[in-house]
Amino acid sequence: MAAKLSSSVLLFIGLAVLYAAIADAQLSESFYSKSCPGGVAAVANVVNTAVRNDRRNAAGLLRLHFHDCFVRGCDASVLLFSTASSKAEKDAPPNLSLQGFSIIDQAKAALEKTCPGVFSCSDILALAARDAISVIGGPQWKVPLGRRDGVVSLATEANSNLPSDKSSFSGLVSNFAKKGLSESDMVVLSGAHTIGLTVCKSVTPRIYNFAGSVNGADPYLNSTFVTEKRGLCPNNKSSANKFIAIDSTKGGQSFDKNYYSNVFAHKAIFKSDDALISTSSGRTKVLDIIRSPQSKFFSQFGLAMEKMGRIGVLTGSQGQIRKTCSKKN
Ligand code: HEM
Ligand SMILES: *[C@@H]1O[C@H](CO)[C@@H](O)[C@H](O)[C@H]1NC(C)=O
Ligand SMILES: *[C@@H]1O[C@H](CO)[C@@H](O)[C@H](O)[C@H]1NC(C)=O
Ligand SMILES: CC(=O)N[C@H]1CO[C@H](CO)[C@@H](O)[C@@H]1O
């Protein structure tokens with residue numbers, strides 16, 4: 001009886017170890033080394049050219065990967081077109097300024113020529129984000145590969161899974177926790193807002209018609225910041241869709257940790273950025289980034305990106321390798 005018990009315990013442990021090994025082996029940096037040896041370099045080549053032509057593309061590609069991973073996992077569902085019967089993620093309001101679809105299509109076209117039916121769109125998204133940020137001198141990180149592509153994309157899921165720019169600290173923490181990301185990951189990944197653009201209408205409600213304020217501006221905001229944004233965004237309809245940098249330092253062109261100093265100085269556009277210093281634990285994390293060398297933020301950002309890139313991935317025989325990134329096979 002004892003022998004029987006211990007052998008089944010051993011069997012259980014053995015299976016657990018085997019399972020852990022398989023789970024670990026699901027994604028690997030060398031996934032395409034035999035099936036598509038030049039594939040990783042081909043993606044880098046397309047992305048390097050696109051970002052050198054226009055640095056804005058780095059922000060677009062980073063955000064695309066984030067929006068992909070937060071809805072149904074990193075399965076390239078963000079790239080699928082709506083169909084007659086269902087509205088896709090890309091047609092949901094939170095996506096409004098998603099950029100970079102054509103760069104992904106270009107990379108996919110190159111790969112379909114050299115290794116047809118082999119390289120997933122979700123791996124292209126993950127690599128493109130990494131390569132794009134590297135071109136602009138930002139953090140670097142590893143991209144284990146082997147993701148497969150999903151076949152479902154629903155606008156309703158984008159609306160319910162993506163964080164809102166009006167989120168509170170606890171709202172952001174719980175949103176990221178649902179994706180297996182910690183409070184630290186959330187604070188560090190928010191630093192992506194060091195680059196990229198938004199539009200005037202994201203900030204006008206806070207600088208002209210803030211409820212209950214004397215001069216129309218949200219009293220939380222630094223008044224120099226308010227004056228600067230009023231200059232960029234006149235209070236009229238035609239400025240609503242004018243692009244402005246999310247992070248004022250260096251026009252959102254440089255990937256650096258200045259974003260955190262701006263958040264700390266009440267110079268951020270989104271309430272969700274303000275939220276980072278609204279609790280003592282968030283404030284401590286922001287101050288730590290401000291006071292530490294930038295290299296520390298870069299390495300934390302890289303690790304958090306690698307973690308984000310593993311959210312809900314499809315592997316093995318799950319999903320498919322799409323031939324065209326905007327359509328399931
Ligand atoms: C913490 C919760 C987050 C919220 C509430 C949020 C919200 C937003 C909003 C509202 C915009 C402007 C979109 C527009 O103007 O239409 C934006 C832009 C952007 N977000 Fe986030 N975001 C969050 C986290 C992240 C993360 C984790 C990343 C990447 C790792 C990211 C990367 C970006 C980038 C790069 C842009 C600029 C895109 C461009 O210039 O095309 N964001 N975000
Ligand atoms: C607002 O920012 C300016 C510099 O941009 C600074 O001189 C000023 O002290 C800040 N105001 C407050 C109340 O912190
Ligand atoms: C409205 O805003 C645009 C810039 O977005 C500006 O060029 C124009 O002069 C503004 N019009 C008025 C009447 O202020
Ligand atoms: C880039 C993109 O596909 N944007 C779409 C996002 O969703 C809105 C509707 O909410 C569409 O109008 C945009 O074209």
Side-chain angles (χ1 to χ4, degrees), residues 51 54-70 74 92-101 103 125-126 128-130 132-133 136 138-139 141 158 161-179 181 183 185-204 217 219-229 233 240-249 251-253 255 258-259 261-276 282 300-309 311:
V51 176
D54 182 355
R55 286 174 78 89
R56 168 78 190 287
N57 285 327
L61 290 169
L62 180 61
R63 186 165 183 238
L64 212 46
H65 182 40
F66 162 54
H67 279 218
D68 183 32
C69 294
F70 264 57
C74 316
N95 74 4
L96 264 167
S97 59
L98 283 183
Q99 306 272 322
F101 293 100
I103 304 166
L125 281 169
R130 186 271 302 270
I133 298 307
I136 63 166
W141 60 91
N161 286 272
L162 290 165
S164 150
D165 60 352
K166 317 234 169 6
S167 301
S168 66
F169 190 80
S170 63
L172 293 172
V173 170
S174 78
N175 181 285
F176 277 63
K178 282 183 196 143
K179 307 297 164 191
L181 298 175
E183 180 182 309
D185 294 329
M186 185 277 287
V187 171
V188 162
L189 289 173
S190 295
H193 288 169
T194 175
I195 54 167
L197 305 178
T198 182
V199 284
C200 281
K201 66 185 173 202
S202 298
V203 74
T204 40
Y220 178 87
L221 295 171
N222 173 292
S223 59
T224 308
F225 175 86
V226 171
T227 308
E228 185 195 306
K229 295 305 165 220
C233 300
N241 290 316
K242 181 186 167 191
F243 286 114
I244 53 168
I246 297 178
D247 184 46
S248 317
T249 314
Q253 294 268 317
F255 201 110
N258 290 340
Y259 160 83
S261 302
N262 286 330
V263 166
F264 201 76
H266 299 205
K267 294 175 179 179
I269 287 178
F270 305 128
K271 296 289 267 179
S272 55
D273 294 326
D274 301 345
L276 299 185
Q300 289 172 329
F301 187 87
L303 289 172
M305 283 303 297
E306 193 184 331
K307 207 165 154 189
M308 189 185 92
I311 298 172

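For ligands, and for the atoms within them, numbers begin at 1 and follow the listed sequence. Because the structure is a prediction, the values reported are computed rather than measured.
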Give a yes or no on whether the backbone of Tyr220 and the side-chain of His266 come within a donor-acceptor separation of less than 3.5 Å. yes
Taking atom 8 (C) of ligand 2 as the reference point, the nearest protein heavy atom with its distance: Asn222 ND2, 3.8 Å
Given the protein's heavy atoms, is any one of them under 4.0 Å from atom 10 (C) of ligand 2? yes
Nitrogen or oxygen atoms of Arg56 and ligand 1 under 3.5 Å apart: yes
Is Asp165 close to ligand 1, meaning an N/O of one under 3.5 Å from an N/O of the other? no
Under 4.0 Å between heavy atoms, the region of Ile246 that gets near ligand 1 turns out to be side chain
Met308 and side chain to side chain contact (heavy atoms under 4.5 Å, CB included): which single residue from Leu303, Asp68, Leu189, Asp185 fits? Leu189
Relative to atom 21 (Fe) of ligand 1, which of the N, O or S atoms in His193 is the closest? NE2
Under a 4.0 Å heavy-atom limit, does Ser190 contact ligand 1 with its side chain, its backbone, both, or neither? side chain
Hey, does Ser164 sit under 4.0 Å from ligand 1 if you only count heavy atoms? yes
Between Met308 and ligand 1, does any nitrogen or oxygen pair lie at a separation below 3.5 Å? no
Can you tell me which portion of Met186 lies within the under-4.0 Å heavy-atom range of ligand 1? Options are side chain, backbone, both, or neither. neither
Can you tell me the protein heavy atom closest to atom 5 (O) of ligand 2 and the distance? Lys267 NZ, 2.7 Å
State the atoms of ligand 1, each with its element, that fall below the 4.0 Å cut-off from a heavy-atom position in Ser272. 5 (C)
How does Ala59 reach ligand 1, by side chain, by backbone, by both or by neither, if only non-hydrogen atoms under 4.0 Å count? both
Interatomic spacing from CG in Asp247 to CG in Asp273 - rounded to 0.5 Å: 9.0 Å
Answer side chain, backbone, both or neither: which part of Leu172 comes under 4.0 Å from ligand 1, heavy atoms only. side chain
closest protein heavy atom to atom 3 (C) of ligand 2 is Thr224 OG1, 3.5 Å
Is Gln99 in polar range of ligand 1, meaning some N or O pair under 3.5 Å apart? no
Looking only at side-chain N and O atoms, does Asn161 offer a donor or acceptor that is under 3.5 Å from a partner on Lys178? no
Distance only, no hydrogens: is a donor on one side chain within 3.5 Å (strictly under) of an acceptor on the other, for Asn262 and Thr249? yes
